[in-house]
Amino acid sequence: MPISPRKTAASLLVLATVASASASYAAEPARPWMNTKLGPDERARLLQHEMTQDEKLALVRGKFGAAFAGAPPPLDKMPEGAIGSAGYVSGVPRLGLPALQESDAGLGVANGGHMRPGDEATALPSGLATASSWNPALAREAGVMIGAEAHAKGFNVLLAGAANLTRDPRNGRNFEYAGEDPLLSGVMVGEAIAGVQSAHVISTTKHFAINAQETGRNVVSSDIDEKALRESDLLAFEIAIQRGQPGAVMSGYNRVNGTYASESPYLLSQVLKGDWRFPGWVMSDWGGVHSTVAAANAGLDQQSGQAFDQLRAGIFMQAGGKTTPAEADFFGAPLKEALAKGAVSQARLDDMVHRILRTMFDKGVVDHPAASAPIDRAAHAAIARRAAQEGIVLLKNDGGMLPLAASAKRIAVIGGHADVGVLSGGGSSQVVPYGGAKLELPVTKGVAAAFSKISYGGVAPLKALTEASPGASVTFASGQDLAEATALAAKSDVVIVFAGKWQSEGDDSADLSLGDGQDALIAAVAKANRKTVVVLETGNPVAMPWLDEVGAVVEAWYPGSEGGAAIADVLTGKVNPSGKLPMTFPASETQLPRPKIDGADMPTVPFFGVFQPFSARYVEGADVGYRWFARTKAKPLFPFGYGLSYTRFAYAKLATVPGKPLTVSVAVANTGSRAGVEIAQLYVTPPGGTPRLAGWTRVPLKAGERKTVRIVAEPRTYSEHTEKGWSLASGGYAIAVGGSSADLPLTATARLGAR
Ligand code: BGC
């Protein structure tokens, strides 16, 4: 039975609003917590002492921060005091505590969907693109940029820091994340978080943890052995949290081994707050809370966008769910009641509040209040462009077809709406770039149809390429008409086909194909002219049935506001590509641990998708991505860590440097005729195990130049997680260095671990 969210939930939702007035942030002697000489914990204690119980309760009950057109009340109205985005938590004006104004996400200040109509922001390339740069300094700079933009738009919390590992290359949200490797993800995401927070904006890291597929995300149980979880997805978070010190952690929608992440004592109390001593607060995902007492006692500190839990409860009730919308106001009246009964202790509520307050002081959101300020758009665009340039991965380049030769006078550009802009991913992270969305197409099926549009914007590749090729004539064909496209291809010196695959939060793709007839278009064009370059704008790996027929392939991901310019920079050779894949491109779905996505055939309801609990068994354990391919000896289409350059690199002289942790030195030479950057990767294989990326370094080299560089290993990548923590078994560990997980010319054995 189809269920309308409006009808079912409108009558069921009765929501309290907490009045808020404009805050005054001035330090007054009567407010000792405003003394910046005191530490954040002391300041939090002083402030909390003055708070009433209702003020404390209001702080742990986050609201949706925007008006959601067409949704039932109160989602259809913005809470008073909110500036319009994902989340709003009222402050305590009488005590000078500002409200939390929360915006998505890690790719820029999100303003898509129903958030702030008319608002525009600098759109970074997708998280996968930034991860492809393997450049932590760039991730940090990008974080500084979006943090500054968030602050200048009045936000003091950015729901950034998405660190979920790619366990399935069809996952609709992979584009927001940083790939399949715990070290690469942890480092890149951690740096981005640190960047955001340098602007006095609290960053989250999310979605904790193993929120590895969108299909059934509200009910699925991610089932995995705890040791394997520690050595994979949790390791990514451990590293990201250590490096980035995020103020908040957002729990995932999913269950982990049967227990919802938002009420998992293992994840929240044992691992995060216990083993990792995380001092910040845990907020839920929007509509990701399922209990009051269990969640509060497990360590959830704040319900976010609480009306989404009520909306979900109303919709699920229609499908047999037991929780009523009133009960689903979990950290509202039900929490008050649980406190009165003693089912949740006052000490626990005080701890929740303390964690929020101490973080607000610690990250500077009280002392440096976010407020409307001018944005240096040109400087921000330059960062977005550099991020896109460094994130582009050259996958194939037969006979040096790229960069485009000066002799290419007739350039055909075909498909992908390259005349309009570049593709971006859908869902909460969607940024409307400066200049606005140039083309929006409706989403016709799936969960995302309710909140997403297929959107193109930013610099149009056609325009950028035309400007960058003054001596050539650049002609465009949309690709809709195959005959027109092949005729243009046949009479051109070179053809550049743009192909895209839209992905969004809420849905996974059924398979790896590009779709929309694009494979046929590429094959036909390549048949008409072998000098065909394919530029991909995708949120995931795609299958390439035409790979042998084309000359070159460029993976540009979703390249952000300046992506069109960055693509032209790479095609024309102004920039020598240096990106390396942060995830394996499989040759087919049959190579994956789950050839078919669990839950894909189950019945769904609007907004929340699958409603019957099911389990996704992560049989690969910690052997995610390339480690799974190594274990099964399967040959991917393109391996993890792979990416070409317009020059060539050679490796020599691998040696271990005495001392701990394991450090190697290696000589890397640029043997080609152009300057370039190599990403030298170190893999360590424990006895009997699979190879792990243990470290890397970026090596910029002029033509003919050679440098000896050091790569320091992260021991946790090749250690075991035991009940006592990380432990390095003694033995001979195979070490290997090179330019991709599948091209490691230098090998050695190191004796590691306790004697
Ligand atoms: C997403 C989060 C996001 C939140 C607020 C949820 O649907 O899973 O990543 O931060 O919405 O927009």
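Both counts, for ligands and for their atoms, begin at 1 and track the order of listing.
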Run the numbers for me: atoms of ligand 1, each under 4.0 Å from some heavy atom of Ser428, listed by number. 1 (C), 2 (C), 3 (C), 9 (O), 12 (O)
So which of Asn164, Leu159, Val157, Asp104 gets nearest to atom 3 (C) of ligand 1, if we judge by its closest heavy atom? Asp104
Atom indices of ligand 1, in the order listed, that fall short of 4.0 Å to a heavy atom of His207: 2 (C), 8 (O), 9 (O)
In this structure, does ligand 1 have an atom that sits under 4.0 Å from one of the heavy atoms of Arg217? yes
Would you call Arg173 a ligand 1 contact, heavy-atom distance under 4.0 Å? yes
Are any of the side-chain nitrogens in Lys153 or Asp119 under 4.0 Å away from the carboxylate oxygens of its partner? yes
Nearest non-hydrogen protein atom, atom 6 (C) of ligand 1: Asp285 OD1, 2.9 Å
For residues Thr166 and Val624, determine if any side-chain heavy atom of one lies less than 4.5 Å from a side-chain heavy atom of the other. no
Over 60° means perpendicular and under 30° means parallel, so classify the ring planes of His290 and Tyr260, tilted if in between. parallel
Between Lys596 and Asp601, is a salt bridge (Lys or Arg N to Asp or Glu O under 4.0 Å) present by the stated rule, with each step listed? CA-CA 10 Å; Lys596 198 158 167 245; Asp601 299 327; 2.4 Å; yes
Taking non-hydrogen atoms only, is Glu176 closer than 4.0 angstrom to ligand 1 via side chain, backbone, both or neither? neither
Is it true that Arg173 and His207 share a donor-acceptor pair across their side chains at a distance under 3.5 Å? yes
At less than 4.0 angstrom from any non-hydrogen atom of Ala86, what atoms of ligand 1 do you find? 5 (C), 12 (O)
Could you tell me if the side chain of Gln101 sits less than 4.5 Å from the side chain of Asn156, heavy atoms only? yes
Are Arg167 and Asp233 close enough for a salt bridge, meaning some N to O gap below 4.0 Å? yes
So if I count the atoms of ligand 1 from 1 in the order they appear, which ones are less than 4.0 Å from some heavy atom of Lys206? 2 (C), 3 (C), 9 (O), 10 (O)
Any Tyr253 heavy atom less than 4.0 Å from ligand 1: yes
Note the single closest protein heavy atom to atom 7 (O) of ligand 1, along with its residue, its atom name and the distance in Å. Glu505 OE2, 2.6 Å
